[in-house]
Amino acid sequence: MKIVVVGFGQCGGRIADEFVRLNNRARSHRGIEIVTDAFAVNTDSADLSGLYSIRPDYKHRILIGGRITGGHGVGKVNELGSEIAREDSDKVVDALRANRHFTESDAFLLCAGAGGGTGSGSLPIITQLIKERYADKQVYNLVVLPFDHEEQNEERTIYNTATCLKSADAVADAVFLIDNQRYIKKDASLRNNMAKINALIAEPFYNLLCAGEEKKRKHIGAKTLDAGDIMQTLSGWSVIGYGQSLLSLIKLPFERKLNFRKKSAETSLGIQAMDEAISELSLTCNPKDANRALYLLGAPDNEMNMEMVKELGDYLRDICPKAIIRNGDYPRERGVLALTVILSELDTVNKVTDLYQKSIGVLGEIKKKQEEVASKIKYIEDAGKGVPSLLKL
Ligand SMILES: Nc1nc2c(ncn2[C@@H]2O[C@H](COP(=O)(O)OP(=O)(O)OP(=O)(O)O)[C@@H](O)[C@H]2O)c(=O)[nH]1
Ligand SMILES: [Mg+2]
């Protein structure tokens, strides 16, 4: 599957940058392309300069709202982010149109952190616009949810996140939910390592996007998972996960003979990788709530067998009893058995419901604060009414 990636705000831009690195890896290691073009859109020029892999011209690193913000961001006010995106949307659309490989692209992936101002505000606006302009292309959102400490310390973060989620869900074909907190729960040393978190966020997409683009027969599985399968699976709230089991590279002679045992050992390695993928999903959710799912098994050709693929399917069926499940095998890896899982069309997502409820709670607080500021400013102005002004008004 080939995608166009657009990142909004600092978080979104860095994740889009990460997808360019995935594409560079696919090109150099596998001789295929998975990202036809990538863009970063921001109100902050310094954030755009801080990217590494997105092409460094103004058509790929797009500054919006420069006139209003002076290139310094919107300071977490996502309504302003939305307004600027609406005003400067032509800049984004013109840049997308200049992509020479646009017709080969299967879908758009638009990414942003929901807790800030620029990404949170502009993501749904541009998603809606792209959906209107390119009715034949799927548009997916990848939304990064804030860390717990950000939610606790800043009402604005909750408000931004909830409004971004509600709007994204209304316009995108599917919304990948990525919870920042998941990555530091697993490894506390990642707390200050955004680059590592971003690499972990993008990694599950690697095999998924590559599998359908292979041209050489030896890398095409018995059942290929292609763009069609992915698009049929993705709908509404979605999560993605990745797990792997290491295989021993050196085979002892007796291991080749013990076919039956070898098979069952491999199957259990597959189940182990599936367990890891499910427990490392990008957001905690109940797999029973998924109405669609897919899994992709990547392994060396001689390590895969139909029995394993079938058992993995049965296993996932037990975990997601309601879901229509699609699957594929991808003879590629060396020394590992890699499992990618997507759960989609989730009909219950506690984290989202929780954020919506919390945002209604903080709405009053935010309004009260705004009114307090306005009344204090008015108080100063009133006090200065009798003071002569030096300006000619
Ligand atoms: N995973 C990840 N999260 C990030 C990254 N940068 C910021 N975030 C998260 O994204 C949210 C803030 O969004 P930003 O992208 O910094 O904000 P912005 O869209 O640039 O908006 P303003 O700076 O307010 O104009 C917070 O919840 C951060 O924890 C990143 O590189 N990776
Ligand atoms: Mg910013």
Please determine if [X] and [Y] form a salt bridge, counting it only when a charged side-chain N lies under 4.0 Å from a carboxylate O.
{"X": "D314", "Y": "R317", "value": "no"}
{"X": "D173", "Y": "K131", "value": "yes"}
{"X": "R156", "Y": "E79", "value": "yes"}
{"X": "E203", "Y": "R25", "value": "yes"}
{"X": "E213", "Y": "K2", "value": "yes"}

Pairing donors with acceptors under 3.5 angstrom, does anything connect the side chains of [X] and [Y]?
{"X": "T163", "Y": "N78", "value": "yes"}
{"X": "T118", "Y": "D44", "value": "no"}
{"X": "D275", "Y": "Y315", "value": "yes"}
{"X": "T43", "Y": "T69", "value": "no"}
{"X": "K76", "Y": "T157", "value": "yes"}

Before we go on, tell me: are the rings of Y206 and Y242 under 6.0 Å apart, centre to centre? no
Check the surroundings of atom NZ in K215: do more than 12 heavy atoms from other residues, nucleotides or ligands lie under 6.0 Å from it? yes
If you count the non-hydrogen atoms of other residues, nucleotides and ligands that lie under 6.0 Å from NZ in K196, is the total more than 12? no
Under a single-linkage definition using a 4.5 Å side-chain heavy-atom cutoff for Ile, Leu, Val, Met, Phe, Trp and Tyr, are L316 and L312 assigned to the same hydrophobic cluster? yes
Is there a chain of hydrophobic side chains (I, L, V, M, F, W, Y, each step under 4.5 Å between heavy atoms) that links I201 to I230? yes
So, do [X] and [Y] sit near enough that their side-chain heavy atoms are less than 4.5 Å apart?
{"X": "Y52", "Y": "V20", "value": "no"}
{"X": "Y330", "Y": "C210", "value": "yes"}
{"X": "Y58", "Y": "K91", "value": "no"}
{"X": "L145", "Y": "L165", "value": "yes"}

Sorted by chain and number, sequence neighbours left out, side chain to side chain contact (heavy atoms under 4.5 Å, CB included) with A227 holds for M1, D106, M231
Look only at the side chain of [X] and the backbone of [Y], and say whether a donor-acceptor pair between them is shorter than 3.5 Å.
{"X": "D329", "Y": "K223", "answer": "yes"}
{"X": "Y295", "Y": "V309", "answer": "yes"}
{"X": "N99", "Y": "L96", "answer": "no"}
{"X": "R326", "Y": "L225", "answer": "no"}
{"X": "N160", "Y": "G116", "answer": "yes"}
{"X": "N305", "Y": "E307", "answer": "yes"}
{"X": "S120", "Y": "T161", "answer": "no"}
{"X": "D289", "Y": "L346", "answer": "no"}
{"X": "H60", "Y": "F39", "answer": "no"}
{"X": "S359", "Y": "Y159", "answer": "no"}

Kindly state each residue pair satisfying side-chain hydrogen bond (donor to acceptor under 3.5 Å, both in side chains) with at least one member in residues 3-18, sequence neighbours excluded. Q10-D47, D17-R21, E18-R21
Given R182 and T284, is the side chain to side chain donor-acceptor pair (under 3.5 Å) satisfied, shown in steps? CA-CA 8 Å; R182 292 282 280 162; T284 309; 3.2 Å; yes
May I ask you to check if K137 and F102 form a cation-pi contact, with NZ or CZ under 6.0 angstrom from the six-membered ring centre and within 45° of the axis? yes
Can you tell me how far apart CG (L22) and CD1 (I34) are? Round to the nearest 0.5 Å. 5.5 Å
